[in-house]
Amino acid sequence: MATNSKVERHGDRSKVLEGSRVDLERERDEEDEGQERRGSVVDFGNNGGKQVLVTEVMDIEEMAWAPKYGLKGIIDASLRIRMVSDFGDSQETIVPLEFKSGKITSQTTTEHHAQVILYTLLMSERYLVKEIDAGLLYYLFTDETRGVKVQRSDLIGLIMRRNELASDLVKASTSRLLPPMLKNPMVCKSCRHLNSCTIYHKAYGGDQDTSGLGDLFDRNVGHLTTADIEFLKHWDHLIDLEAKTCRVASKEMRACRLGESSSSCLSPLVLDVTTGYPADGLLKNDRYVYHFIHQNGARCNREANNVDIRQPSKLQVGSFISSLKCGDFVIISTESGRPAIANGMICSISQRGVSVSLSKLLRLPGSYCTSETADLTREVWRIDKDEIASVYATMRFNLVELFFPRLQNSLLRKVIVGLEPPRFDSGVLVSQDPAVSYVRLEKSINDDQRRAIQKILSAKNYSLILGMPGTGKTSTMVHAVKALLMRGQSILLTSYTNSAVDNLLIKLKTQGIDFVRIGRLEVVHNDVHQHCFSATGASSLDDIRQRMEQVRVVGVTCLGIYHPLLVNKKFDVCIMDEAGQITLPVSLGPLMLASMFVLVGDHYQLPPLVQSPEAREKGMKVSLFCRLSEAHPQAIATLQCQYRMCSGIMELSNLLIYGNRLRCGSPEIADAKIKLSLAEPITAWIKEVLDPNKSVIFINTDNLLAFEMRENDGIHNPSECSIILEITRELLEREVPGDEIGVITPYNSQASLIQRVVNSSIEVHTIDKYQGRDKDCLIVSFVRASENAKACNSSILGDWHRINVALTRAKKKLIMVGSCGTLSRVPLLKLLIEKVNEQGGLLHISKKDFGAA
DNA sequence: ACTCTGCGAAGAGGA
Ligand SMILES: Nc1ncnc2c1ncn2[C@@H]1O[C@H](COP(=O)(O)OP(=O)(O)O)[C@@H](O)[C@H]1O
């Protein structure tokens, strides 16, 4: 076999493979020129030498999974070869080729053979070919090719090993039983998992004896206290519970693999090969972009006119489009039974179709070059969201890393496990620190904000900022960053969501502050693209390294901190926005990169999303921000002055949630009213609802018998939808701009119902999605209404955090629609209705007012 | 009893 003797041993792996691919192809071409193609003799060990001729390199770094065996892997190169069989005739077969750059020892030989054997299994599944029973290993170090012939007994042995491993994993997560330690200090002392391994061993009852590691064990876990171990076990258990819900979900995906389309999948699709979308992919930024359209084009383009709001099921057309979004990782399969042909990322999606970017050409495994395009266009495709479980791995890793024997981690443990209060050095505030004088003299911030920033500047371990709705959290953080920079400190800015990170960075940008944003372009806001490396294009490795060393401010999501550019990067301060919405294990990651941290959030708004009810109940919904705020209420810097709600709207959350701690930032804000143009005479109820002097309205639907309806696990309320449609029409009629009107509701199905009927300039969302946003005029649809309603306390409406979010989104006008009868069973909502009544905003509409019911 | 954001990628071998 021809080879490249100049392969760099430490070079980029894909380059090595590309190079070899060229070599393989060159070899083929050279042989073409010769009189006959014989190939070379490859040593198959006990099976002797065989003539092997590579006829095609079909793929490199090919991802293959076989759900049937519970295995997946990435095959270095997938070859079509001609090999002389035992009977002397030459046959064409498919084989995996693995590159190995290391030395050959008996240990590695066994491992390499095992790997190749498993790859033959994966390839049989992927290529729908049963007879894949051989593979190749190529050793770059010695320029030697070895053949591997699959023995049935080896295969069975490997599958059994795989099953043992899988059962160990299950045992670990369900009964907290870990496999015994290797008890081999020589091997373990240089293992990179030594820390995690010994810590877990200790946590689950192991000791120096059972570890078999002697002193090495105690050196790694000796520092752990009983409280540390309890904390680790508790959170590890919560992560297990949460991870289980995801595993169930991925099983469901596998079950519905063919035919049926679900909400997280697009199907049936065909490849769009019309102008601008070549069948062999549009090359863009080194990625291949393919465009798929619905097989029945008409369905994709269907307009949502003349919708009957009483039959929401008819509206589900195209709803799959909303569940996948730009930047999502997806898996492409065919409906003809070939799962996971390729994986990639959505780069645009609309009613008309979806574009997916792949790192390689799209190709059906085994398809011949001559018919590739035809094969692709003939297929019916499906696209599923790729549920990567790496979130749980990250959580677990963050958690165990907290207990590593490092000074910085021990300080963090004191705060997080031991609940050490924030400590401040008040001396800083009277010093010559330029940051301090900047904050003292800055005119654009109020006193609360100033105090909060001073706390940040004088904090020794951490500080907490409670930013109630509309209180200028972002402005506070921007000035804090400015001040910290004056001191020459480096800052990590983070939050769970991309939008929260970008929101902050955009404000920094307007202040002319330099920063780097780590994250994929597809999910980063346009306005910060220039701060991402991928957008700057041709920067060399050295440029990037230099930039990372020089830049003081880095923005990244909590889960993005393991990006290669951030390894070994440390910061003076970590500022975490929306910290009340981040689960503790996730928030640990960024905190471990900094010597001091600032949590900004509002634990009176929605807690982190936890899938598993059991995990939630056992405490996973308690964010670190909430944990520390409840432990040290006196140390929180509270921003009380808000610049969003007029006084009538503010009164609601002040009474129900915030214990009157909110104040309006100015008289203008307190008295703000919507402006209505004069228009035709209106009905009495509409007139009252729109009255600009009544900032809060609650429309009680009890007289309409406007009951909730259930369909496919969703709850919706058509009557409330009709009322809201009427109100939005009247608002638009009176020249309230559509983009200053919003509608929110607890339930997705109600949101999509309303979305379909109201003017498209009006934003409609669930309450959860709307956290952090605001509008001049906001309408809330509570949905729940039934005669025999049990208390909705156990429903998502029973969560007071969600109610608080709903009540604090409107600036000038808040219109709520709901059934007093049903909602009053939730104590907080009962109080709300009483308060609105006291303000004179409660309105009971009847069938007479409203004919559409 | 219905709320939904994020996340890439490999392998050998030195302390
Ligand atoms: N000290 C202040 N004085 C006047 N207006 C302010 C002040 N702080 C913030 N604001 C205003 O309040 C609004 C919300 O500010 P922002 O910092 O984005 O708040 P949040 O992050 O809490 O939503 C902005 O329009 C901003 O101009």
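Naming convention: chains lettered A, B, ... in sequence-line order (proteins, then strands); numbering from 1 in each chain. Nothing here was measured: the structure is a model prediction, and the numbers come from that model.
- At a cut-off of 3.5 Å, with distance as the only test, a side-chain donor of Arg517(A) or Asn498(A) sits close to an acceptor on the other residue.
- The nearest whole Å value for the distance from the NZ atom in Lys360(A) to the C1' atom in dA9(B) is 11 Å.
- Among the nucleotides dA9(B), dG11(B), dT3(B), the one closest to the side chain of Asp768(A) is dT3(B).
- Side chain of His112(A), nearest nucleotide from dT5(B), dA12(B), dC7(B): dA12(B).
- Contacts of Gln581(A) with the nucleic acid, taken as non-hydrogen atoms under 4.0 Å apart, are absent.
- Rounded to whole angstrom, the span from the OH atom of Tyr747(A) across to the P atom of dC2(B) amounts to 4 Å.
- A donor-acceptor contact shorter than 3.5 Å is absent between the side chain of Asp59(A) and the backbone of Glu62(A).
- Between Tyr496(A) and the phosphate of dT5(B), there is no side-chain N or O to OP1/OP2 separation shorter than 4.0 Å.
- Here Thr557(A) reaches the OP1 or OP2 of dC7(B): one of its side-chain N or O atoms lies under 4.0 Å away.
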side-chain hydrogen bond (donor to acceptor under 3.5 Å, both in side chains) assessment of Gln107(A) paired with Glu111(A): CA-CA 7 Å; Gln107(A) 162 88 20; Glu111(A) 285 171 7; 2.7 Å; yes

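- Between Leu807(A) and Met816(A), the closest side-chain pair of non-hydrogen atoms falls below 4.5 Å.
- Of the candidates dC2(B), dG14(B), dT5(B), dC2(B) carries the atom nearest the Ile715(A) side chain, counting heavy atoms from C-beta on.
- Taking 4.0 angstrom as the limit, Ser390(A) places none of its side-chain polar atoms (N or O) nearer than this to OP1 or OP2 of dG8(B).
- Residue Gln115(A) places its side chain closer to dG11(B) than to any other of dG11(B), dC2(B), dT5(B).
- Contact annotation: side chain of Glu578(A) to base of dT5(B), donor-acceptor pair absent below 3.5 Å.
- Residue Arg784(A) has its side chain nearest to dC2(B) when only dG13(B), dT3(B), dC2(B) are considered.
- Counting non-hydrogen atoms under 4.0 angstrom, Ser499(A) reaches the backbone sugars and phosphates but no base.
- At a threshold of 4.0 angstrom between heavy atoms, the contacts of Pro613(A) with the nucleic acid are absent.
- Distances shorter than 4.0 Å separate some side-chain N or O of Thr766(A) from OP1 or OP2 on dC4(B).
- Among the nucleotides dC7(B), dG11(B), dT3(B), the one closest to the side chain of Arg520(A) is dC7(B).
- Looking at the side chain of Ser794(A), the nearest of the listed nucleotides dG11(B), dC2(B), dA1(B) is dA1(B).
- Regarding contacts with the backbone of dC7(B), a side-chain N or O of Asn498(A) is found under 4.0 angstrom from either OP1 or OP2.
- Between Lys100(A) and dA12(B), a side-chain N or O to OP1/OP2 separation shorter than 4.0 Å is present.
- Checking dT5(B), dA1(B), dT3(B) against every side-chain atom of Arg802(A), the shortest atom distance belongs to dT3(B).
- For Trp65(A) and dG8(B), the CH2 to P distance is 19 Å, given to the nearest whole Å.
- Computed from coordinates, the Met186(A) CE to dG14(B) P distance equals 14 Å when rounded to whole Å.
- Nearest to the side-chain atoms of Arg192(A) among the listed nucleotides dA12(B), dG14(B), dG6(B) stands dA12(B).
- We find the OG-CD distance between Ser348(A) and Glu522(A) to be 11.0 Å, quoted to the nearest 0.5 Å.
- With distances taken from any side-chain atom of Leu609(A) to the nucleotides dA1(B), dC2(B), dT3(B), the minimum falls on dT3(B).
- Looking at heavy-atom distances under 4.0 Å, Ile74(A) makes contact with sugar-phosphate atoms alone, never a base.
- For the pair Arg146(A) and Tyr139(A), the cation-pi criterion (under 6.0 Å, within 45° of the ring axis) is fulfilled.
- Atoms NZ (Lys385(A)) and P (dC7(B)) sit 10 Å apart, rounded to a whole Å.
- One can place CZ of Arg287(A) at 13 Å from P of dG8(B), the figure rounded to the nearest angstrom.
- When the C1' atom of dC7(B) is taken as reference, atom CG of Leu559(A) falls 6 Å away, rounded to whole Å.
- Put simply, Lys189(A) has no side-chain N or O that comes within less than 4.0 Å of OP1 or OP2 on dA15(B).
- As a whole-Å value, the separation of Phe782(A) CZ from dC2(B) C1' is 18 Å.
- The side chain of Asn748(A) contributes an N or O atom lying less than 4.0 Å from OP1 or OP2 of dC4(B).
- A cation-pi contact, defined as under 6.0 Å to the ring centre and within 45° of the axis, links Arg520(A) to Phe329(A).
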